[in-house]
Amino acid sequence: MNICVFCSAAELDSVYTDAAREFAELLGKRGHSLVWGGSDSGLMKVVADGVQEAGGRLIGISVEFLRDVARPNADEMIITADLAERKALMLDRADAVVVLVGGTGTLDEATEILELRKHGMHAKPIVVLNTAGFYDGLRQQMARMEAERFLPIPAADLVTFADDGPQALELLGA
């Protein structure tokens with residue numbers, strides 16, 4: 001499978017990097033390819049390192065203004081003109097999506113992918129890896145949206161939440 005991972009390019013605490021590395025190593029050992037934002041810094045680097053060291057393939061999709069931080073030894077690196085093109089290409093190249101911890105960019109990517117799924121624009125599974133309860137608030141918000149009829153389909157049909165890497169891959173059937 002080509003598994004798209006949205007995550008931070010920031011340097012983060014080991015509680016997040018350890019979980020991301022575990023997930024990445026499992027992804028690589030199982031022969032999957034990583035589709036990611038192409039950055040060679042922060043959590044993005046941790047994930048790419050873990051996948052590559054475990055034998056997985058790297059498909060980076062960066063953006064022109066971040067070209068200087070793109071990973072030089074990815075198996076494939078695509079540079080897009082803007083963030084919208086980047087997100088569209090990441091989804092196009094992916095069989096499934098996993099959302100790791102991140103900031104506003106990661107949240108933007110996740111919500112766009114959820115919105116597209118809600119409207120039937122894709123049927124790719126989406127799993128949020130909820131490391132150390134980072135996305136508890138999002139899970140609660142999704143439940144409220146469903147309960148108050150802001151979602152036309154059950155939240156569980158849009159996204160599932162995993163507590164660790166093995167569970168995330170299990171939910172993807174990977």
Looking at [X] and [Y], would you say the former's side chain and the latter's main chain have a donor-acceptor pair under 3.5 Å?
{"X": "K118", "Y": "L151", "value": "no"}
{"X": "D75", "Y": "L58", "value": "yes"}
{"X": "N2", "Y": "R93", "value": "yes"}
{"X": "E148", "Y": "R144", "value": "no"}
{"X": "N130", "Y": "Y135", "value": "yes"}
{"X": "H122", "Y": "L114", "value": "no"}
{"X": "E115", "Y": "T111", "value": "no"}
{"X": "E11", "Y": "G42", "value": "yes"}

Output the distance between atom [atom1] ([X]) and atom [atom2] ([Y]), rounded to the nearest 0.5 Å.
{"X": "R117", "Y": "D157", "atom1": "CZ", "atom2": "CG", "answer": "7.0 Å"}
{"X": "I61", "Y": "E76", "atom1": "CD1", "atom2": "CD", "answer": "7.5 Å"}
{"X": "D164", "Y": "L26", "atom1": "CG", "atom2": "CG", "answer": "9.0 Å"}
{"X": "T80", "Y": "E85", "atom1": "OG1", "atom2": "CD", "answer": "5.0 Å"}
{"X": "D92", "Y": "K124", "atom1": "CG", "atom2": "NZ", "answer": "6.0 Å"}
{"X": "E109", "Y": "E112", "atom1": "CD", "atom2": "CD", "answer": "9.0 Å"}

Do [X] and [Y] come within less than 4.5 Å of each other through their side chains, counting heavy atoms only?
{"X": "L158", "Y": "I126", "value": "no"}
{"X": "L138", "Y": "F161", "value": "yes"}
{"X": "V101", "Y": "L43", "value": "yes"}
{"X": "I3", "Y": "L169", "value": "yes"}
{"X": "I78", "Y": "S62", "value": "no"}
{"X": "V63", "Y": "I79", "value": "no"}
{"X": "P166", "Y": "E22", "value": "yes"}
{"X": "W36", "Y": "V47", "value": "no"}

Give a yes or no on this: more than 12 heavy atoms of other residues, nucleotides or ligands lie within 6.0 Å of atom CE of M145.
yes
Check D108 with K87, please: is the shortest side-chain N to carboxylate O separation under 4.0 Å?
yes
Identify whether the distance between the nearest side-chain nitrogen and carboxylate oxygen of R30 and E25 falls below 4.0 Å.
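No, this pair does not count.
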Could you pull out the closest heavy-atom pair between S8 and T106, with the gap in Å?
N-OG1, 3.7 Å
V128 and side-chain contact (heavy atoms from CB on, under 4.5 Å): which partner among V98, V159, L171, L100?
V159
Check the side chains of Q52 and R71 for a donor-acceptor pair under 3.5 angstrom, ignoring hydrogens and angles.
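The answer is yes; a qualifying pair exists.
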